[in-house]
Asker: 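What follows is a single structure, and I will ask about it in a moment.
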Amino acid sequence: MWKLKADERLTRWRAFRKTLDSLTLKDSISQVQEFWQGCPFDPYYLDPDKPETWPNPWQLIEENWYCDLAKALGMLYTIHFTQHKPDVEIRVYYDPSTRYTYNLVWIDQGKYVLNLIESQVVNKTHVNKNLKLKHTYSSTEL
C-alpha cells in the first residue's frame, strides 16, 4: 500500500478501515497494529510539542512520511474512523534516563496500547513506571 500513488493509498486505507467494522474491537486493534507495521519510516517528521502542525488523516496518508509519532497518529486516525468508537489517545512519554520519547496509542484507558513494542498489542501494565507523561492528545481533539 505504501508505494502506491496518493489517491490509491487513500482508497486502500478507506477499504481497510471498512473491514475493521465487521471485526471485534480487539481484532480490529490487532489488524491496525499489523497494518501500520509496514509503513515507511522517517525518523523526523512531526513534533510532539506542536500538534497544531500535524496533518489531518488524509494529509498523513497523502504525504506518506512516518516517524514514530506519525505512525501512532495513523493508528489513532484509523481506529477513530471505525464504528467501534473506543476512547483513543496518543500519549507521549519521555524516559529521563535514556532521553527517548515514546509515542503510544492508548485505547480504552490503556486496555490496549500500540506502538510500544514492535508488532505487539500490549496494555498499560507494560509501560515502564519511570517514564514521564509529557502530552496526551485525544482523537476528538485532533
Asker: Tracing side-chain links under 4.5 Å among I, L, V, M, F, W and Y, which residues wind up in one group with Leu116?
Answerer: Tyr93, Tyr100, Tyr102, Leu104, Trp106, Val113, Ile117, Val122, Val127, Leu131, Leu133
Asker: Under the salt bridge (charged side-chain N to carboxylate O under 4.0 Å, His left out) test, which residues partner Glu141, sequence neighbours left out?
Answerer: none
Asker: Asp47: what forms a side chain to side chain donor-acceptor pair (under 3.5 Å) with it, not counting sequence neighbours?
Answerer: none
Asker: Find out whether Ser139 and Ile79 are in side-chain contact, i.e. whether some heavy atom of one side chain is under 4.5 Å from a heavy atom of the other.
Answerer: no
Asker: Which is it for Tyr44 and Cys67 under the side-chain contact (heavy atoms from CB on, under 4.5 Å) test, yes or no, and what are the steps along the way?
Answerer: CA-CA 6 Å; Tyr44 305 104; Cys67 61; 6.0 Å; no
Asker: Sub-3.5 Å donor-acceptor pair from the side chain of Asn103 to the main-chain atoms of Ile90, do we have one?
Answerer: no
Asker: Can you tell me how far apart CG (Leu76) and CG (Asn115) are? Round to the nearest 0.5 Å.
Answerer: 11.0 Å
Asker: Strictly by salt bridge (charged side-chain N to carboxylate O under 4.0 Å, His left out), give each pair with a member in residues 84-96 just once, sequence neighbours left out.
Answerer: Glu89-Arg91
Asker: Once rounded to the nearest 0.5 Å, what's the spacing between atom CG of Asn128 and atom OG1 of Thr98?
Answerer: 9.0 Å
Asker: What residues form a salt bridge (charged side-chain N to carboxylate O under 4.0 Å, His left out) with Asp49, not counting sequence neighbours?
Answerer: Lys134
Asker: Excluding sequence neighbours, so at least two apart, what forms side chain to side chain donor-acceptor pair (under 3.5 Å) with Thr125?
Answerer: Asn123
Asker: Does Leu114 form a side-chain contact (heavy atoms from CB on, under 4.5 Å) with Val121? I'd like the steps, not just the answer.
Answerer: CA-CA 5 Å; Leu114 303 178; Val121 177; 3.5 Å; yes
Asker: Determine the minimum heavy-atom distance between Trp2 and Cys39, stating which atoms define it.
Answerer: NE1-N, 3.3 Å
Asker: Do Ser28 and Thr82 come within less than 4.5 Å of each other through their side chains, counting heavy atoms only?
Answerer: no
Asker: Could you pull out all residues at least two apart from Trp13 that satisfy side chain to side chain donor-acceptor pair (under 3.5 Å)?
Answerer: Thr78
Asker: Quick one: CD on Gln59 to OH on Tyr77, what's the gap to the nearest 0.5 Å?
Answerer: 8.0 Å
Asker: Please find the pair of heavy atoms, one from Glu62 and one from Ala6, that lie closest to each other, and give the distance.
Answerer: CG-CB, 3.8 Å
Asker: Within a strict 4.5 Å, meaning less than it, do heavy atoms of the Leu25 and Asp108 side chains meet?
Answerer: yes
Asker: Side chain of His84, backbone of Leu23: donor and acceptor closer than 3.5 Å?
Answerer: yes
Asker: To the closest 0.5 Å, what do you measure between NZ (Lys111) and NZ (Lys124)?
Answerer: 11.0 Å
Asker: Would you say Leu60 and Tyr66 make side-chain contact, with heavy atoms under 4.5 Å?
Answerer: yes
Asker: Under the side-chain contact (heavy atoms from CB on, under 4.5 Å) rule, what do Trp54 and Leu69 come out as? Steps first, then yes or no, please.
Answerer: CA-CA 10 Å; Trp54 297 355; Leu69 178 56; 3.5 Å; yes
Asker: side-chain contact (heavy atoms from CB on, under 4.5 Å) between Thr19 and Gln31: does it pass, once the steps are laid out?
Answerer: CA-CA 10 Å; Thr19 67; Gln31 290 296 307; over 6 Å; no
Asker: Which residues pass the ring pair (Phe, Tyr, Trp, His ring centres under 6.0 Å) test with Phe16, sequence neighbours left out?
Answerer: Phe35
Asker: So, does Trp65 use its side chain to make a donor-acceptor pair with the main chain of Asp42 at under 3.5 Å?
Answerer: no
Asker: So Asn64 and Arg9, do their side chains get closer than 4.5 Å, heavy atoms only?
Answerer: yes
Asker: Between Trp36 and Phe41, does the ring centre distance come in under 6.0 Å?
Answerer: no
Asker: Could you tell me whether the side chain of Leu142 reaches within less than 4.5 Å of the side chain of Leu73, counting heavy atoms only?
Answerer: yes
Asker: Kindly write out the residues that satisfy ring pair (Phe, Tyr, Trp, His ring centres under 6.0 Å) with His135, not counting sequence neighbours, or none if the list is empty.
Answerer: Tyr137
Asker: Going by side chain to side chain donor-acceptor pair (under 3.5 Å), name the residues that satisfy it together with Gln37, two or more places apart in sequence or in a different chain.
Answerer: Lys71
Asker: By the salt bridge (charged side-chain N to carboxylate O under 4.0 Å, His left out) test, which pairs, at least two apart or in different chains, include something from residues 11-33?
Answerer: none
Asker: Quick one: list whatever passes side chain to side chain contact (heavy atoms under 4.5 Å, CB included) with Pro96, sequence neighbours left out.
Answerer: Tyr94, Lys132
